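Shown next, in structure tokens, is the structure this report addresses.
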Amino acid sequence: MPQRSHFARPALATALAAAMGSVAAAPAFAQSSDPIAPPKAGRFSAGLGATGEFLLSSTSLQDFQFNGSLNQLLDTLPDVEGIAQINEQSLDNSYGSLVGVQGTASYGLTDRIELFARGGYLESGASNKTAGSFAGEGAQGTFTAVLGDYSEFYLHGGARYFFNDGMDLRPFVGGFAGVRFIDSVGMTLTADRGDGTSFGTVYDGALFDDDTVLTAGGEFGLAYSFRNNFTFSINVGISWTGEWALADDALDGTVLDGAEDTGRRLSIPIGGRFTYTF
């Protein structure tokens with residue numbers, strides 16, 4: 001009997017120790033569960049990231065045609081009858097795309113619906129391209145247009161709806177509306193000979209004015225929570241922007257006097273951001 005009792009005590013102690021170890025390990029296992037991507041009801045988030053836009057169409061200077069003495073275009077051109085054609089000048093055929101940064105603040109209305117506000121900055125470098133041609137007796141050549149740097153600030157407000165409740169990877173759709181604060185863009189238009197030398201500058205001044213225009217659009221994307229409270233999101237969408245005014249005052253009295261603008265901006269915004277949920 002004593003030998004059986006002596007053998008049972010170590011076995012019982014070992015079993016109790018194993019049970020206590022299992023209980024102690026349970027909370028640690030619960031804490032290591034996968035993070036859940038926001039939104040989280042009643043909690044705020046803040047994010048920072050990169051953004052860009054591919055321009056599909058935009059406000060532009062319409063094709064402009066001149067008939068008369070070429071000397072009226074530029075005093076270094078001969079005083080002969082001729083014709084000049086200046087092609088459409090617009091954001092999409094001059095810049096193509098814009099890049100920038102944006103910041104976002106959001107609030108989880110529910111675990112599926114998020115309200116957000118964001119602001120950002122977009123820019124593109126100067127553009128240089130052939131912009132038309134002219135021809136008359138003893139003179140012919142092309143126009144070269146150099147558009148200045150493009151820059152804008154924008155503010156959006158909107159909402160997103162998320163799928164895959166309780167998962168670390170959640171697709172979403174959303175919509176937004178806001179305003180763009182666009183800086184003036186200048187244009188230098190020169191008349192060039194066929195050999196690459198220049199007759200001179202036809203116009204050097206503002207093409208589009210500083211302007212504030214409305215914008216709205218929709219987007220879809222994915223949000224991935226890679227750590228508790230930290231999320232990386234990507235999105236792509238479609239954006240409409242109201243008409244941006246030509247610099248009529250600057251064009252008055254120049255060869256471009258009477259030029260007209262047309263169209264509104266349509267673009268594809270893309271973005272990626274890191275977000276922290278408080």
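Any value given below was found using the heavy atoms of this structure, including those in side chains, with hydrogens, waters and symmetry copies removed. Because the structure is predicted, anything quoted here is derived from the model rather than measured.
Between G103 and L48, the shortest heavy-atom contact is CA-CD1, 4.2 Å. Taking each heavy atom of G200 and T76 in turn, the nearest pair found is N-OG1, 4.4 Å. Closest approach of D248 to D209, counting heavy atoms only: N-OD2, 4.3 Å. Y95 and L147 make their closest contact through OH-CB, 3.6 Å (heavy atoms, listed as atom of the first residue, atom of the second, distance). Contact record, L122 with G52: CD2-CA, 4.2 Å, taken as the closest heavy-atom pair. When every heavy atom of T51 is checked against every heavy atom of I270, the shortest pair comes out as OG1-O, 2.9 Å.
Side chain of D165 to main chain of D111: no donor-acceptor pair is present (N/O by atom type, distance under 3.5 Å, no hydrogens or angles). In this structure, S127 contributes its side chain and G148 its backbone to no donor-acceptor pair below 3.5 Å. The closest donor-acceptor contact from the side chain of S198 to the backbone of A191 lies under 3.5 Å. Between the side chain of D168 and the backbone N or O of S225 there is no donor-acceptor pair closer than 3.5 Å. Using a distance-only test at 3.5 Å, with no hydrogens or angles considered, no donor-acceptor pair links the side chain of S239 to the main chain of I268.
Remark: T275 OG1 to Y224 OH distance equals 14.5 Å, nearest 0.5 Å. The CG atom of N164 lies 9.0 Å from the CZ atom of R112; values are rounded to the nearest 0.5 Å. The CG atom of N87 lies 7.0 Å from the OG atom of S133; values are rounded to the nearest 0.5 Å. With rounding to the nearest 0.5 angstrom, the CG atom of L222 is 8.5 Å from the OG atom of S233. A distance of 4.5 Å separates OH of Y203 from CG of L251, quoted to the nearest 0.5 Å. For the atom pair Y154 OH and R118 CZ, the distance stands at 6.0 Å (nearest 0.5 Å).
Between Y121 and F153, the ring planes are tilted. Angles from 30° to 60° get that label. Y276 and F278 have perpendicular rings, their planes meeting at more than 60° on a 0 to 90° scale where under 30° would count as parallel. Aromatic ring orientation, Y150 versus W244: perpendicular (interplanar angle above 60°, classes split at 30° and 60°).
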Side chain to side chain contact (heavy atoms under 4.5 Å, CB included) between I238 and L56, worked out: CA-CA 10 Å; I238 190 77; L56 302 179; 4.1 Å; yes

T188/D204 under side-chain hydrogen bond (donor to acceptor under 3.5 Å, both in side chains): CA gap, chis, key distance, verdict: CA-CA 4 Å; T188 300; D204 186 14; 2.9 Å; yes

Check against salt bridge (charged side-chain N to carboxylate O under 4.0 Å, His left out), E114 and R170: CA-CA 13 Å; E114 175 183 79; R170 303 187 68 183; over 6 Å; no

Chi angles and distances behind the side chain to side chain contact (heavy atoms under 4.5 Å, CB included) call for L246, L207: CA-CA 6 Å; L246 281 177; L207 179 61; 4.1 Å; yes

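Residues V213 and I182 form a side-chain contact, since some pair of their non-hydrogen atoms from C-beta on lies under 4.5 Å apart. For the pair E123/D183, no side-chain contact is recorded, criterion being any heavy-atom separation below 4.5 Å from C-beta on. Contact check for E219 versus F172: side-chain heavy atoms found under the 4.5 Å cut-off. Inter-residue side-chain proximity for T190 and V146 is flagged as unmet; no heavy-atom pair is nearer than 4.5 Å. A heavy-atom distance below 4.5 Å is found between the side chains of V236 and F220. Side-chain contact between F274 and T231 is absent, with no heavy-atom pair separated by less than 4.5 Å.
Both V80 and V202 are members of a single hydrophobic cluster when ILVMFWY side chains are connected at heavy-atom separations under 4.5 Å. No continuous path of hydrophobic side-chain contacts links L266 to L214 [ILVMFWY only; heavy atoms under 4.5 Å]. F44 and F116 are members of different hydrophobic clusters when ILVMFWY side chains are connected at heavy-atom separations under 4.5 Å.
Of the candidates E53, E152, R180, R180 is the only one forming a side-chain hydrogen bond (donor to acceptor under 3.5 Å, both in side chains) with T241. Put simply, the residue from T215, V179, T104 that forms a side-chain contact (heavy atoms from CB on, under 4.5 Å) with H156 is T215. L55 pairs with exactly one of S267, S124, S97 by the side-chain contact (heavy atoms from CB on, under 4.5 Å) rule, that one being S267.
Within the 6.0 Å centre-distance limit, the rings of F134 and F143 are counted as a close aromatic pair. Aromatic pair Y161/F163: centroids less than 6.0 angstrom apart.
Shown here is F54, whose CZ atom has no more than 12 heavy atoms of other residues, nucleotides or ligands within 6.0 Å.
Here R273 pairs with nothing under the salt bridge (charged side-chain N to carboxylate O under 4.0 Å, His left out) rule; sequence neighbours left out.
For the pair R193 and F199, the distance from NZ or CZ to the six-membered ring centre is under 6.0 Å and the angle to the ring normal is within 45 degrees.
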